[in-house]
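Lettering of chains follows the sequences in order, A, B, ..., and the numbering in each one begins at 1. Given the structure is predicted, the values throughout are model-derived calculations rather than measurements.
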There are 2 protein chains.
Amino acid sequence: MGRGPTSKDVARLAGVSQSTVSYVMSGKRSISAETLRRVEEAMAALNYQPHAGARALAGSRTNTIAIVMPFASAYDAGQLMAFVEEFVLAARVHDYDVLLVTAEEGIEGLRRITGGRQCDAAVVMQVTAQDQRADLARTLDFPVIFIGVPEDTTGLACVDFDFEAAGRLLVEELADLGNTRLSVLGWGADSVGRDYNYIGRFARGVTGAAEAHRLPVDWHLAPAADGFAAVLDAGLHPDGGRTGIIMTAGLSGGMRALALRGLVPGRDADVVALCTEAEAEEQVVPLTAVSTQPRDVSRMVAERLFALIDAGCPAQEGVDIVPATLVRRASTGRA
Amino acid sequence: MGRGPTSKDVARLAGVSQSTVSYVMSGKRSISAETLRRVEEAMAALNYQPHAGARALAGSRTNTIAIVMPFASAYDAGQLMAFVEEFVLAARVHDYDVLLVTAEEGIEGLRRITGGRQCDAAVVMQVTAQDQRADLARTLDFPVIFIGVPEDTTGLACVDFDFEAAGRLLVEELADLGNTRLSVLGWGADSVGRDYNYIGRFARGVTGAAEAHRLPVDWHLAPAADGFAAVLDAGLHPDGGRTGIIMTAGLSGGMRALALRGLVPGRDADVVALCTEAEAEEQVVPLTAVSTQPRDVSRMVAERLFALIDAGCPAQEGVDIVPATLVRRASTGRA
DNA sequence: TTGTAGGCGTTATCAT
DNA sequence: ATGATAACGCCTACAA
């Protein structure tokens, strides 16, 4: 494998010193128009690409960001992809590349990457309430952004979707439609406060809004939502009441349960969901839904991260929240 | 941001020369048990991590592999994720990291990454019949593996799923079930030979097997499959015949079309698909299907790639094919 | 505006 | 079995 041209080769061809080539690239000092032209021509002629390793060594900047991804997780793959794509694009704009690290490597992965100076910053996805990586990050003196909110956010930079508002919006939509009770198919009330606290935040949003509207709520755990099936079998709208349905986890299972009983969303009951745009639109009846917006989250992460990098700070405490919005579709047909 | 300990620090603490530390890491010369112990203790005590850039510069090995990914493409996100996860895991086993490059960067992305020696090899996904990146790779003297098969594979290392066998298996299954004609909802006959030639290979598999079984086939282009809807409306089983359905692209649209007419796969018609396992199982009636196996492809790619890297070859011409298998589910209920 | 030179942290070739 | 030491390719004071 050929070694490829170096800045020295460029310099020779352009008839300048090697440092001039370097300064042409960095723009850190003024160059005469003539010199600039000659150097750029030489670079083009040789198809010169600076050696990333040498650059990292001398400049102590890798122009690489690591992103710690929870592959085999509860996350939806489409969401993950969208997030990553958007992030890579944003990174490229700043002339950064993206290194992939699996969450399975755990805390050691973070240590390895940061210790080896393979990157200038890291993004850690799907953070849990008690996340060891948060503790590590605090001691690291290295810019890390967390997606998700650990219990103790001291000294941490976090970004997350507004799950609480999501829960609230869904409840209010069903309330506005005249529903008098709610059936929630999701992570379930007993998951509140466990691992990922977005579950808890969503539940809080639902509960708060339901109380405000005096709507009784019954929760059913997906995917083994026998209770949910029982509700459907018992009749959704007993004695003049009207049951609105909220789906979070186990969407496809829930939709199947409805279909098997001949229940059509929007006709026989109002159904809303917390899911991706794609999921909402793929259903037999497209769902009115609040969609977590991975691209918005991604942009916010990128923005914040590059601010940190440019500032040279290790981290800048604070939780950024990406707003939630509801999109109406056919599953809440009547007005 | 602290500079972190160097091998020099380790050497000092262990009371040895810096080169000894290096040799302890590489194992390229024998070390006395005593020295080994002292060096390892020092490394642990300082939490030493070798500087990746310096290592790449001196050793001309990055221990990084770039993977060029088609984010916003026809690929299913779940497939992509599975592929990538499996690949990252395999890479880690060989002590390699993975750099993400978007296909949107096109040919320049490949050039940039390889030129800058940011990686020791690259994987290019979703290769088209006439792929510029293939031409570049041939001139590159750099190990590249392609997923997908360009028209001219001279000097190229390619891996792909056996789409032809997939088509054949699906047809044979429907034939065995007593169907007398086929309706295919997919990329359509006119897509054959265009961009991604797996479409053509799949079509060839279908056509070949259909001819062997003397089954007439009508093709319908997804997603605007009006023709498909017409077939459903015209009645699937005219005068004693029986129409088997094959779905490829536009699966959800096709399933919806059936559902809207009250047609249940496995009861009213045999339905088979080329899709992911997840898709096959998510449907209201789980589908008998041939599933592209991203993890199998990934493993084959990794295996081949590390063989190349270890051998120091730029590439090793040849097309590896990942076998196709059919899994029976409820959508072909009757025997 | 431009050139010179030292150093970044490894690897690998000499020696010993 | 181990120590010096010269690259590796680039960045950046320091000079001019």
The criterion is salt bridge (charged side-chain N to carboxylate O under 4.0 Å, His left out); which residues satisfy it with [X], sequence neighbours excluded?
X: Arg133(B); result: Asp131(B)
X: Asp162(B); result: none
X: Asp135(A); result: Arg138(A)
X: Glu41(B); result: Arg37(B)

>> So if I take residues 44-54 of chain A and measure heavy-atom distances to DNA chain C, which residues fall below 4.0 Å?
In response: none
>> Can you list, in residue-number order, the parts of residues 109-121 of chain A that come under 4.0 Å of DNA chain C, counting heavy atoms only?
In response: none
Just checking [X]: base, sugar-phosphate only, or nothing, at a heavy-atom cut-off of under 4.0 Å?
X: Ser22(A); answer: base
X: Thr20(B); answer: sugar-phosphate
X: Gly15(B); answer: sugar-phosphate
X: Val16(A); answer: sugar-phosphate
X: Ser26(A); answer: nothing

> If you check every side-chain atom of Ser19(B), which of dT5(D), dT12(D), dT2(D) has the closest atom?
Replying inline: dT5(D)
Going by side-chain contact (heavy atoms from CB on, under 4.5 Å), name the residues that satisfy it together with [X], two or more places apart in sequence or in a different chain.
X: Thr6(B); answer: Lys8(B), Asp9(B)
X: Ser19(B); answer: Ser17(B), Tyr23(B), Arg29(B)
X: Ala302(B); answer: Phe87(B), Ala90(B), Phe306(B)
X: Met300(B); answer: Val159(B), Asp320(B), Val322(B)

>> Could you work out, with ring pair (Phe, Tyr, Trp, His ring centres under 6.0 Å) as the rule, every residue matching Phe146(B), not counting sequence neighbours?
In response: none
>> Under a plain distance cut-off of 3.5 Å, with no hydrogens placed, do Thr64(A) and Asp97(A) share a side-chain donor-acceptor pair?
In response: no
> Are Lys28(A) and dT12(D) close enough that a side-chain N or O sits under 4.0 Å from OP1 or OP2?
Replying inline: yes
> Within less than 4.0 Å of OP1 or OP2 of dG9(D), is there a side-chain N or O belonging to Ser7(A)?
Replying inline: no
> Per the atom types in the model, does the base of dA4(D) pair as donor or acceptor with the side chain of Ser17(B) at under 3.5 Å?
Replying inline: no
>> Applying salt bridge (charged side-chain N to carboxylate O under 4.0 Å, His left out) to Glu34(B) and Arg38(B), what does each step give before you reach the verdict?
In response: CA-CA 6 Å; Glu34(B) 168 62 6; Arg38(B) 297 231 308 277; 3.4 Å; yes
> From the 5' end of DNA chain C to its 3' end, which nucleotides mark the outer limits of contact with chain B, defined by a 4.0 Å heavy-atom distance cut-off (strictly under)?
Replying inline: dG9(C) to dC14(C)
